[in-house]
Structures are given as C-alpha cells and as structure tokens.
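For the numbers below, each heavy atom of this structure counts, side chains included, while hydrogens, waters and symmetry mates do not. Owing to the predicted nature of the structure, the values given are computational and were not obtained by experimental measurement.
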Amino acid sequence: MLKLEEGNLMKLAEILKKNAECAFCVLLGHTEISDLFLETVRKIGNALISVRENKEAGRICRQMHEKGLLYGVHADYGTGNREEILNDSWLKRQLPLHPHFVFCRQTNL
C-alpha cells in the first residue's frame with residue numbers, strides 16, 4: 001500500500017491520467033490533501049475521492065466541494081460502532097458534508 005504523501009499523491013494522479021478510460025474510486029485515510037492534487041484530479045475527471053470520516057473530513061470535503069469534485073466519505077464499522085452505522089445517526093452526521101457517496105466497510109473492530 002502506498003503511503004500517500006504529496007509526492008505519492010501526484011504519482012497517483014499520474015496513474016489516473018494514464019488510465020483515462022477507467023473510472024477510479026480513491027479512498028484516502030489521511031487528512032492532508034493538497035490543492036495541487038485536487039486540481040489535477042479535477043482536470044483528469046475520472047476519479048471519485050473518498051475521505052475517511054474523522055475530525056478533518058469536514059475541512060477536506062469543503063476543499064473538494066469548492067473545486068467541484070465528485071467526493072464521498074467512508075468509515076469502517078464493527079462491534080464497537082455497528083449500531084451507530086446501521087441506524088441513521090452516522091449518515092445524518094455526514095449529510096452536512098454534502099458527499100455524493102458514503103461508503104461503509106464491515107470490519108472486526
């Protein structure tokens with residue numbers, strides 16, 4: 001797995017660009033996404049970016065919203081947070097971020 005620091009984010013952007021006939025869903029877990037990366041992805045136009053739900057997700061979603069990107073929010077769920085995910089409270093917390101998609105992945109947390 002690539003650790004997505006700025007240089008690796010731009011390498012990822014190159015992969016997206018080289019494979020313009022494909023659509024990508026990029027799930028990012030970290031909290032720093034540069035304007036350069038976001039603008040590059042916007043110009044390429046073949047990726048949805050999803051950020052992990054955390055305290056920085058709102059800021060990152062605002063960045064992507066301002067750039068007109070297709071974006072989402074994702075979370076893992078397991079025994080510790082299953083009820084919150086499976087009732088509508090988790091989803092309601094995501095709606096103010098205006099994501100186009102939300103993703104949940106069951107884990108053994």
Side-chain angles (χ1 to χ4, degrees):
M1 178 186 292
L2 266 177
K3 184 174 180 184
L4 293 178
E5 296 160 343
E6 181 60 28
N8 287 331
L9 283 173
M10 295 313 292
K11 288 178 185 177
L12 175 61
E14 283 300 313
I15 293 169
L16 300 176
K17 187 175 181 179
K18 287 179 183 176
N19 294 281
E21 71 285 356
C22 298
F24 294 88
C25 180
V26 179
L27 283 79
L28 299 177
H30 66 300
T31 59
E32 292 302 320
I33 302 173
S34 72
D35 282 337
L36 175 61
F37 174 73
L38 294 177
E39 186 61 30
T40 302
V41 169
R42 187 191 66 73
K43 288 178 183 174
I44 298 168
N46 64 345
L48 169 135
I49 299 173
S50 183
V51 294
R52 181 177 307 281
E53 181 213 15
N54 60 35
K55 64 183 180 181
E56 297 296 322
R59 178 182 57 79
I60 298 168
C61 287
R62 279 189 297 280
Q63 271 184 287
M64 293 188 286
H65 185 76
E66 290 170 3
K67 296 205 175 294
L69 289 166
L70 189 62
Y71 66 93
V73 178
H74 63 273
D76 293 334
Y77 76 93
T79 56
N81 64 349
R82 180 168 308 199
E83 285 306 312
E84 179 186 26
I85 296 289
L86 295 178
N87 69 37
D88 63 354
S89 64
W90 181 82
L91 180 58
K92 284 181 179 177
R93 276 202 331 271
Q94 306 320 306
L95 294 179
L97 304 178
H98 305 289
H100 296 93
F101 295 89
V102 292
F103 302 94
C104 293
R105 179 180 71 137
Q106 185 176 3
T107 63
N108 293 326
L109 297 175

- Message: Measuring only between side-chain heavy atoms, which start at C-beta, is L48 closer than 4.5 Å to F24?
- Response: no
- Message: Using a 3.5 Å distance criterion without hydrogens, assess whether the side chain of N8 forms a donor-acceptor pair with backbone atoms of K11.
- Response: no
- Measure the spacing between SG of C61 and OH of Y71 and express it to the nearest 0.5 Å. 5.5 Å
- Gap separating the CD1 atom of I49 from the CG atom of L69, nearest 0.5 angstrom: 5.5 Å
- CG of N54 to CD1 of I60, rounded to nearest 0.5 Å, is 6.5 Å
- Query: Sequence neighbours excluded, which residues qualify as side chain to side chain contact (heavy atoms under 4.5 Å, CB included) partners of E39?
  - Reply: R42, K43, K67
- Is there a donor-acceptor contact under 3.5 Å from the side chain of H74 to the main chain of C104? no
- Is there side-chain contact between L27 and R52, with heavy atoms separated by less than 4.5 Å? no
- Considering non-hydrogen atoms only, spot the tightest contact between L97 and G58 and give its length. CD2-CA, 3.3 Å
- Query: Any idea which heavy atoms bring P99 and G72 closest together, and the distance?
  - Reply: CB-CA, 3.9 Å
- Task: Please round to the nearest 0.5 Å and tell me the distance separating atom CG of L86 and atom CD of E83.
- Result: 6.0 Å
- Query: Are side-chain heavy atoms of M64 and V51 found at a separation under 4.5 Å?
  - Reply: yes
- Item | Verify same cluster id: F101, Y77 (apolar side-chain graph, 4.5 Å) | no
- Message: Using a 3.5 Å distance criterion without hydrogens, assess whether the side chain of N81 forms a donor-acceptor pair with backbone atoms of A75.
- Response: no
- Would a hydrophobic clustering, with Ile, Leu, Val, Met, Phe, Trp and Tyr connected at side-chain separations under 4.5 Å, put I33 with L16? yes
- Message: Determine whether a donor-acceptor pair (N or O, by modelled atom type, separation under 3.5 Å) exists between the side chain of N46 and the backbone of C22.
- Response: yes
- Which residue pairs satisfy the side-chain hydrogen bond (donor to acceptor under 3.5 Å, both in side chains) criterion with at least one member in residues 13-25, sequence neighbours excluded? none
- Do Q63 and L38 touch side chain to side chain, with heavy atoms closer than 4.5 Å? yes
- Query: Where is the tightest heavy-atom contact between V73 and Q94, given as atom of each residue plus distance?
  - Reply: CG1-OE1, 3.3 Å
- Nearest 0.5 Å, what's the CG-CZ distance between D76 and R105? 4.0 Å
- Working to the nearest 0.5 Å, report the span between CG of L28 and CG of L9. 6.5 Å
- Query: For H65, does the NE2 atom have more than 12 heavy-atom neighbours from other residues, nucleotides or ligands under 6.0 Å away?
  - Reply: no
- Taking atom CZ of R93 as the centre, does the number of heavy atoms from other residues, nucleotides or ligands within less than 6.0 Å exceed 12? yes
- Looking only at heavy atoms, the pair that brings W90 and F103 closest together is CH2-O, 4.0 Å
